[in-house]
Amino acid sequence: MSTPKTVVVTGATRGIGRAIADRLAHAGWRVIGTYCRDHGEVDRNRPHAGNVDAVPAIGFVRMDLRSDRSVDAAADAIAAHTGRLDAIVNNAGTTDDGAFLSMETGRIAALLEANLFGTIRLTWALLPLFRAGSDASIVNIASLAGVVGKEGQVSYAASKGGLIGFTKLLARKTSRTGVRANAVAPGFIATEMTERLDDGMVRHIVHGTSLHRIGDPGDVADAVTFLLAARYVNGTTIKVDGGFKR
Ligand SMILES: NC(=O)c1ccc[n+]([C@@H]2O[C@H](COP(=O)([O-])OP(=O)(O)OC[C@H]3O[C@@H](n4cnc5c(N)ncnc54)[C@H](OP(=O)(O)O)[C@@H]3O)[C@@H](O)[C@H]2O)c1
């Protein structure tokens with residue numbers, strides 16, 4: 001029996017990250033998830049839904065992307081736990097919407113700290129865990145806002161655009177050692193992040209989407225699964241937006 005591959009999925013407690021972690025665990029990966037808020041022991045080390053015997057629980061490490069110390073501690077804990085990695089899915093992220101001209105720079109910096117700097121710091125810290133010559137892969141969860149911009153999301157769009165640039169740099173740098181890097185840019189996906197959208201906004205989004213529906217977290221997991229397996233795809237960003245027309 002071959003050794004299972006190991007993947008770190010950040011922000012694996014809910015929404016898109018949870019769907020990715022569950023999908024990969026079902027496919028036989030060893031998954032190390034991260035969480036930020038305290039969800040309690042049971043939720044953190046949840047047995048896998050449906051088939052508790054066949055699929056090992058997803059292990060969890062606490063990490064707050066806004067804190068260098070927390071990111072470094074999480075990277076150390078992951079290294080101590082596994083010794084080697086086959087993939088990272090940088091999914092954890094947050095948003096802070098507001099009108100551009102009234103947004104204080106401190107708020108912008110705080111969001112960049114979490115979504116961009118924290119993600120870059122964690123990635124650098126984990127890179128030594130990839131073995132040279134292996135088929136390893138990094139997938140960064142960006143956003144449609146980082147590709148086309150989005151009203152009221154200045155810091156979020158900047159953080160996600162930065163993540164796409166970082167992905168391209170990684171793809172050039174790390175491919176020398178066999179590590180591919182790609183990004184996924186979801187459109188509107190039904191999670192806690194988007195549940196506060198009012199009905200009018202949801203109607204507007206559905207109307208503007210060729211597939212006439214909001215996405216679900218599994219739609220993003222589909223693209224991540226593809227990118228982890230696609231051995232000749234490097235430095236690209238896949239939009240998962242149901243064909244949203246602006
Ligand atoms: N939903 C969408 O429509 C959409 C669209 C485009 C892109 N995205 C991106 O997809 C990713 C997942 O989004 P989602 O909708 O699934 O969001 P979500 O339901 O709000 O979940 C966010 C996840 O990120 C973790 N997290 C939040 N702040 C963190 C921090 N400071 N440090 C470490 N972890 C943190 C959360 O952990 P806790 O549960 O422990 O707080 C949670 O696991 C994000 O990067 C988001 O920007 C989402």
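Both ligands and their constituent atoms are indexed starting at 1 by order of listing.
Taking the side chain as every heavy atom from C-beta outward, Thr94 and Asp96 never approach each other to under 4.5 Å. Contact annotation: the side chain of Leu144 approaches that of Phe244 to within less than 4.5 Å [non-hydrogen atoms, C-beta and beyond]. You'll find the side chain of Thr10 stays beyond 4.5 Å of the side chain of Ile141, heavy atoms only. Side-chain contact between Asn182 and Ile238: absent, with no pair of heavy atoms (C-beta onward) separated by less than 4.5 Å. Counting heavy atoms from C-beta outward, Asp72 and Arg69 have side chains that stay 4.5 Å or more apart. Ile20 is listed as a side-chain neighbour of Leu24, based on a closest heavy-atom distance under 4.5 Å. Using a 4.5 Å heavy-atom cutoff, the side chains of Val147 and Lys160 are not in contact.
Set against the non-hydrogen atoms of Pro186, the atoms of ligand 1 under 4.0 Å away are 5 (C), 6 (C), 7 (C). When each atom of ligand 1 is checked for a heavy atom of Tyr35 under 4.0 Å away, the hits are 40 (O). In summary, the atoms of ligand 1 found under 4.0 Å from a heavy atom of Gly93, numbered by their order in the structure, are 22 (C), 24 (O), 27 (C), 44 (C), 45 (O).
The residue among Ile189, Leu197, Asp241, Asp216 with a heavy atom at the shortest distance from atom 3 (O) of ligand 1 is Ile189. Summarising the contacts of atom 21 (O) of ligand 1 with Arg14, Glu113, Glu192, the nearest heavy atom is found in Arg14. When the heavy-atom distances from atom 39 (O) of ligand 1 to Thr10, Thr13, Leu65, Val89 are ranked, the shortest goes to Thr13. Of the listed options Ala110, Pro217, Ala145, Gly187, Gly187 places a heavy atom closest to atom 5 (C) of ligand 1.
The backbone N or O of Gly243 sits less than 3.5 Å from a side-chain atom of Ser210, completing a donor-acceptor pair.
Contact analysis leaves Ala190 out of contact with ligand 1, as no non-hydrogen atom separation drops below 4.0 angstrom. Using a 4.0 angstrom heavy-atom cutoff, Lys160 counts as in contact with ligand 1. Residue-ligand proximity: Ala142 is placed with a non-hydrogen atom under 4.0 Å from ligand 1.
Between Thr194 and ligand 1, no N or O atom pair is found at a separation short of 3.5 Å. Inclusion of Tyr156 in the set of residues having an N or O under 3.5 Å from an N or O of ligand 1 is warranted. When only interatomic distances are considered, the shortest N/O to N/O separation between Cys36 and ligand 1 falls below 3.5 Å. Taking any N or O of Gly11, backbone or side chain, at least one lies under 3.5 Å from an N or O belonging to ligand 1. Distances between N or O atoms of Arg37 and those of ligand 1 include at least one value under 3.5 Å. No N or O atom of Gly15 sits closer than 3.5 Å to an N or O atom of ligand 1.
In Ile16, the parts holding a heavy atom less than 4.0 Å from any atom of ligand 1 are both the side chain and the backbone. When heavy-atom distances to ligand 1 are checked against a 4.0 Å cut-off, Phe188 comes that close only through its backbone atoms N, CA, C and O.
Note on Arg84 versus Asp86: salt bridge recorded, some NZ/NE/NH1/NH2 to OD/OE distance being below 4.0 Å. Here Asp219 pairs with Arg213 in a salt bridge; the nearest charged N to carboxylate O distance falls below 4.0 Å.
Within a 6.0 Å radius of NZ in Lys150, other residues, nucleotides and ligands contribute more than 12 heavy atoms.
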